[in-house]
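In each ligand, atom 1 is the first atom listed, and ligand 1 is the first ligand listed.
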Amino acid sequence: MIKNLNVALYVTGSIAAYKSLVMTRLLVKAGANVRVLMTDGALEFIQPLSFQALSKHSVITNHSAGMDADQITHIEVAQWTDLAVVMPADANTIAKLANGIADDVISTTLLATDSQKLVVPAMNDHMLANPATQRNLATIKQDGIAIIAPTIGFLAEGYAAPGRMVEPELVMERIQTLVKLKQTPPTHSLRGRRVLVTAGATRQPIDPVRFITNASSGKMGVSVAKAAADLGAEVTLICADVRVSIPAGIKVVNVVTSSELQAAVLQLMKTNDVLIMTAAVADFQSVRVQPQKIKKAAQSDTFTLHFREADDILKAVAKIKRSDQYTVGFAAETNDLRENALKKLRSKGLDLLVANDVSNPQIGFSSDDNQVTFLRTDHAPIQTKVLPKPAIAEQLVDLVAQDLNQK
Ligand code: CTP
């Protein structure tokens with residue numbers, strides 16, 4: 001997919017510039033042609049020779065551009081580029097991009113290129129929070145430039161705060177998605193829609209060290225969140241216990257118990273258009289969570305713990321759901337799949353139910369593959385093939401987008 005892709009990598013003034021060396025390596029390894037451009041700020045942090053050795057191309061700087069008498073460098077590179085990646089993107093470069101400023105070879109080339117652009121910011125938390133930077137980021141987003149928001153992490157300043165650039169592996173994932181979407185544009189879009197996805201297993205405490213949970217890994221929910229983001233949705237992912245990494249660009253809210261999950265879902269339903277409830281909610285909760293660890297000695301051979309049913313989150317959502325909102329549930333069944341699933345579709349007031357046979361170890365919970373049936377009122381069921389979870393997720397969000405666009 002990335003083979004022979006012409007990538008212009010713009011490295012700007014940030015300590016995170018060293019990570020762009022890894023980025024260059026990853027891109028070259030995947031078969032891309034990489035040409036690196038460095039601002040004067042970037043040169044303060046790192047030597048062009050390192051990029052030159054990895055990319056096998058000489059690096060373009062303000063100094064080198066002036067020495068090349070044969071060609072107008074910025075126009076030649078701008079036209080050659082399939083994808084422009086600004087990484088790390090400092091506040092100054094983002095400001096220039098937002099305002100069309102072209103006062104050196106780097107900003108001039110960026111302005112001159114019609115290619116797709118991806119900006120990966122890295123900066124001090126105060127600079128990032130500054131209204132001017134936020135305004136500039138909003139402007140470039142509106143101009144169709146993809147951004148991978150920085151995360152909260154350890155900054156060069158010596159404390160943890162928002163502003164830390166995401167890792168090159170995550171940038172690579174995003175590049176692959178951008179290229180794939182360009183090569184095979186999806187038929188339906190979720191642009192302008194806000195999608196809430198829940199993922200993973202909730203935990204219900206028994207005492208301070210024990211809890212009940214289930215075997216969900218969160219893979220399906222994370223795949224759904226990514227697929228929705230790929231179709232252009234603004235995605236919030238509520239994560240219970242999730243054992244897979246979350247792609248960049250997705251807002252994450254962490255919860256532990258089903259009541260925390262319920263509170264987060266009900267709150268976020270106020271501002272979202274779609275809810276996709278992939279989380280495996282622990283159905284039972286202790287009648288009384290023991291404040292101290294339950295001691296073995298205090299028990300006889302057998303003993304009883306008292307549980308009660310946890311609230312059904314989707315049923316609570318059904319009570320507050322607006323007619324323009326769309327909700328999706330998953331049904332994990334071991335027997336009478338369609339019959340049980342149809343009951344859930346109605347009792348939970350859903351627009352779509354994804355029925356899942358968890359008795360088959362090849363598919364479901366922790367496996368990489370899945371086979372599901374999409375059930376909607378007034379539509380024939382659609383059964384998928386056995387496919388990797390990301391492919392199932394793509395089919396699901398495509399169906400959601402199709403339904404929403406017809407609503
Ligand atoms: N769900 C929920 N609240 C719960 C339990 C489940 O909102 N307390 C959601 C799940 O996220 C899923 C759907 O309801 O989208 C169906 O979950 P499932 O476990 O299959 O069904 P249950 O309603 O729990 O019924 P049962 O376990 O008896 O099959």
So, [X] and [Y], do they make that salt bridge, N to O below 4.0 Å?
{"X": "Asp369", "Y": "Lys389", "result": "no"}
{"X": "Arg174", "Y": "Glu169", "result": "no"}
{"X": "Glu234", "Y": "Arg193", "result": "no"}
{"X": "Glu394", "Y": "Lys180", "result": "yes"}
{"X": "Glu333", "Y": "Lys344", "result": "yes"}

Self-check item: Residues forming a side chain to side chain donor-acceptor pair (under 3.5 Å) with Ser115, sequence neighbours excluded
Solution: Thr113
Write none if no such pair exists; otherwise list each N/O atom of ligand 1 with its protein N/O partner under 3.5 Å and the distance.
residue: ligand 1; atom: 3 (N); partner: Ile313; partner atom: N; Å: 2.9
residue: ligand 1; atom: 7 (O); partner: Ile313; partner atom: N; Å: 3.3
residue: ligand 1; atom: 7 (O); partner: Leu314; partner atom: N; Å: 2.9
residue: ligand 1; atom: 8 (N); partner: Asp311; partner atom: O; Å: 2.9
residue: ligand 1; atom: 11 (O); partner: Met277; partner atom: O; Å: 3.4
residue: ligand 1; atom: 11 (O); partner: Ala279; partner atom: O; Å: 2.8
residue: ligand 1; atom: 14 (O); partner: Lys348; partner atom: NZ; Å: 2.9
residue: ligand 1; atom: 15 (O); partner: Met277; partner atom: O; Å: 2.8
residue: ligand 1; atom: 15 (O); partner: Phe330; partner atom: N; Å: 2.8
residue: ligand 1; atom: 15 (O); partner: Phe330; partner atom: O; Å: 3.2
residue: ligand 1; atom: 17 (O); partner: Phe330; partner atom: O; Å: 3.4
residue: ligand 1; atom: 20 (O); partner: Ala332; partner atom: N; Å: 3.0
residue: ligand 1; atom: 20 (O); partner: Lys344; partner atom: NZ; Å: 2.7
residue: ligand 1; atom: 21 (O); partner: Lys344; partner atom: NZ; Å: 2.9
residue: ligand 1; atom: 23 (O); partner: Lys348; partner atom: NZ; Å: 2.5
residue: ligand 1; atom: 24 (O); partner: Asp283; partner atom: OD1; Å: 3.0
residue: ligand 1; atom: 24 (O); partner: Asp283; partner atom: OD2; Å: 3.3
residue: ligand 1; atom: 27 (O); partner: Asp283; partner atom: OD2; Å: 3.4
residue: ligand 1; atom: 29 (O); partner: Lys344; partner atom: NZ; Å: 2.8

